[in-house]
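Take a look at the structure set out below.
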Amino acid sequence: MCIAVAIDGPAGAGKSSVAKAVGKQLGLLYVDTGALYRTVGLAALRKGVDPSSKAEVEALLKEISVEMDFSETSGQVVLLNGEDVTGLIRTPEVSMTASDISALPIVREYLLGLQRNIAKTKNVIMDGRDIGTVVLPDAQVKIFLTASPESRAERRYKELVEKGEKTTVKDVLRDVIKRDYNDTNRKAAPLRPAEDSVLVDTTNLDFDGSVEAVAKIIRERIS
Ligand code: DC
């Protein structure tokens, strides 16, 4: 049986960077499921589809193909209708559209099989919002990674500025709070810790400390 580690938590808690580093350390394939919702969000933006309209999104899903691929050199890539859109899905606009569109059960259903299939054949550390609760309920290790909204906004702000985005901490904090609200209050697979998950709060941990805390929990449960 393959090893599966589920890492869930709110936006900006450091899930992706921490999970990627832990995956490298422990030999687990890092899978960022948010990239899939972002790809659907990008498709909606490109076509002018209202992300809250079930009918419009349903029609969109029939027209598009979303794939995830892994390569030694570029790591995880996402393809929209065969086009590599990995570099186009990290803007604040795509973030918000992904959050809105992910509230629709048809979108969650559409992406479910894809996520489960990856974990069927590979040892994974998969990050998202509902990995421990819905996608991989039998994962051997489930971690809920969180931090205060302010420290998450601060980290996200730094990332965006490094990528050349023009924004302010205030705007990023507003987006973080709005996305938290969306992700936690939606009816379909809301963000919440799985009952058997371990809570890791990274507010007062630096990156290395967060990686060590998560790696330790996994080692204890898997060895
Ligand atoms: O992890 P992220 O910020 O890249 O995710 C973008 C959006 O996708 C997030 O606001 C909520 C949604 N998402 C989800 O609903 N379920 C997941 N497993 C991953 C992401």
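Each ligand, and each atom within it, is numbered from 1 in the order the structure gives.
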Using distance alone, with no hydrogens and no angle criterion, decide if D8 and T133 have a side-chain donor and acceptor under 3.5 Å apart. no
The answer, listing residues by chain and number that come under 4.0 Å of ligand 1 through any heavy atom, is T33, G34, Y37, R38, R90, A98, S99, S102, R108, G128, R129, D130, I131, R179, D183, R186
Near N204 CG, under 6.0 Å, is it more than 12 heavy atoms from other residues, nucleotides or ligands? no
Heavy atoms from other residues, nucleotides or ligands near CD of E109 exceed 12 (cutoff 6.0 Å): no
Say whether S99 and S102, considering side chains only, have a donor N or O and an acceptor N or O under 3.5 Å apart. no
Check: S16/D127 side-chain N/O donor and acceptor closer than 3.5 Å: no
Below 3.5 Å, can you tabulate the donor-acceptor pairs from side chains in residues 159-171 to any protein atom, sequence neighbours excluded?
residue: E159; atom: OE1; partner: R156; partner atom: NE; Å: 3.4
residue: T168; atom: OG1; partner: D171; partner atom: N; Å: 3.0
residue: D171; atom: OD1; partner: R174; partner atom: NH1; Å: 3.4

